[in-house]
Amino acid sequence: MPMQPWFTDAKLGIFVHWGIYAVDGVQESWSFYDDIVPHERYMSQLDRFTGARYDPKAWADLFARAGAKYAVLTSRHHDGVALWDTAYGDLNLGRDYLGPYAEALREQGLKVGLYYSHSDWNHPDYASTRKPGRPPELEDNRYSEVAAEDEDLAAWERFIAYRDGQITELASRFRPDLMWFDGEWDRSEEQWRIPELATLIRSYVPHVVLNARMLSEGDYATPEQGAPVVPPDGPWELCLTINDSWGYQHQDHNHKSLAQLIRYFTETIGGGGNLLLDVGPMEDGTIPQPQAERLEGLGEWIRRHAEAVYGTGRGLPAGHHYGPSTLSADRRTLYLTLFDVPRAEIGVRGLATAVNRVTVLGTGTELDHRVVGGLHEAVGVLWIDPPAAADLDPYATVLAVELDGELELYRGSGRF
């Protein structure tokens, strides 16, 4: 399927990890899987989860102000607890949280994403098999697999039927624009029946976007937490937490600064990707204030520099400019990001297209520029006068370089 244009132009999405794990503020699913929290204690959160102040319209309004174009909510994590009133399995919150979420996003013009884990460590039929080729000497985790001699393929078939039932509910009822899968490492593509699963989803939502954890059916790469040094080819998305946790954890106050988040964002879109920035609502459904404040701040920066964000594509490769950049759709305007106060002229190497004008985005101040050097096919360096203090953004300043034609770069080594 061709990639949907809305995704590549979205630039920013909001990841929402919300589930029973927010009650005690423990790690989602992994805390019982790794025996950090007793399973009984973890599952007791199910009866203590209230969602008392859940306001999806407020979520959607905040996400829109942040500059996001889509959001992804955890419909079911590895713990198997569904955020909608599913007819499949025994674990749900007795209430549909997904319908109001999808409606609120669409009222704001945002695309609807749903996270769903292939794995379900609480389902009675899940730990009935193991991934082919897994060394037998590796210790089995009782929540995810059994010893080879204890495999029960009939139980696995029941699990797949349960999975397909839930996916049918999600696709038919909520018509997500994007489905964000996880947990694929537990089994093989053949065991998950990935092509059949994709066909099932597309029978209800033909133009759905699927992430790379749908393996051969994935539409885009999904690096997690670690910003790629070399951006992936094709469409991609960096999923990143604001602090150190996906879901709400009371003790985690290690929030990234707004300046850091703007760097992550500009570097990601400069490499042709989207940033999927995560928030972890508290169990009552409210987004913690430090996270909301950072979304507001990011949105303010994006609004000041929207021209360099939306409708742009991957910018200059590393080495041409010391910072991220984006390129307009017509390839005639280059947007250079400056994180620091320039101490001297700003240099751009390898720019083979002549420059008509350079301005500071937001203030419109025009900057003098000149090309120095060059020999034969090797082009000189474009030097741009630094902006005055009044033109500098407190977080990241953007220069618009208007070209005399479509961008052409010299990538050679010069004359030997």
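If you're wondering where the values come from, they're calculated on a predicted model, not measured in any experiment.
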Aromatic ring centroids of [X] and [Y] under 6.0 Å?
X    : Y    : value
W185 : H78  : yes
Y21  : W246 : no
Y33  : W121 : yes

- Which of parallel (below 30°), tilted (30 to 60°) and perpendicular (above 60°) describes Y70 and F7?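 Rings of Y70 and F7: tilted, as their planes differ by 30° to 60°.
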- Task: Quick one: sort the H250 and Y248 rings into parallel, tilted or perpendicular, breaks at 30° and 60°.
- Result: perpendicular
Do [X] and [Y] have side chains that approach each other closer than 4.5 Å (heavy atoms only, starting at C-beta)?
X    : Y    : value
Q108 : F63  : no
T241 : F15  : no
L170 : P176 : no
W59  : I14  : no
Y310 : K11  : yes
C239 : E224 : yes
K131 : E145 : no
F339 : P324 : yes

- Message: Under a 4.0 Å threshold between the charged nitrogen and the carboxylate oxygen, would D24 count as salt-bridged to R41?
- Response: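 D24 and R41: salt-bridged.
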- Heavy-atom donor-acceptor pair, Q45 side chain to Y42 backbone, under 3.5 Å: yes
- Message: Using a 3.5 Å distance criterion without hydrogens, assess whether the side chain of R175 forms a donor-acceptor pair with backbone atoms of S172.
- Response: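 Side chain of R175 to backbone of S172, a donor-acceptor pair under 3.5 Å: yes, one is there.
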- Query: Sequence neighbours excluded, which residues qualify as ring-ring contact (aromatic ring centres under 6.0 Å, His included) partners of H39?
  - Reply: F32, Y143
Which pairs of donor and acceptor atoms, one on a side chain in residues 362-369, lie under 3.5 Å apart (sequence neighbours left out)?
{"from": "T363", "atom 1": "OG1", "to": "T365", "atom 2": "N", "distance (Å)": "3.3"}
{"from": "T363", "atom 1": "OG1", "to": "T365", "atom 2": "OG1", "distance (Å)": "3.3"}
{"from": "T363", "atom 1": "OG1", "to": "D391", "atom 2": "OD1", "distance (Å)": "2.8"}
{"from": "T365", "atom 1": "OG1", "to": "D391", "atom 2": "OD1", "distance (Å)": "2.9"}
{"from": "T365", "atom 1": "OG1", "to": "D391", "atom 2": "OD2", "distance (Å)": "3.3"}

- Item | R187 NZ/CZ over Y126 ring centroid, <6.0 Å and within 45° of normal | yes
- Task: Determine, step by step, whether L334 and L316 satisfy the side chain to side chain contact (heavy atoms under 4.5 Å, CB included) criterion, reporting the C-alpha distance in whole Å, the side-chain angles of both residues, the deciding distance to 0.1 Å, and the verdict.
- Result: CA-CA 9 Å; L334 184 64; L316 299 172; 3.7 Å; yes
- Task: Could you verify whether a donor N or O on one side chain and an acceptor N or O on the other, from E283 and T50, lie under 3.5 Å apart?
- Result: yes
- Task: Kindly compute the distance separating NE2 (H118) from CD (E189), expressed to the nearest 0.5 Å.
- Result: 9.0 Å
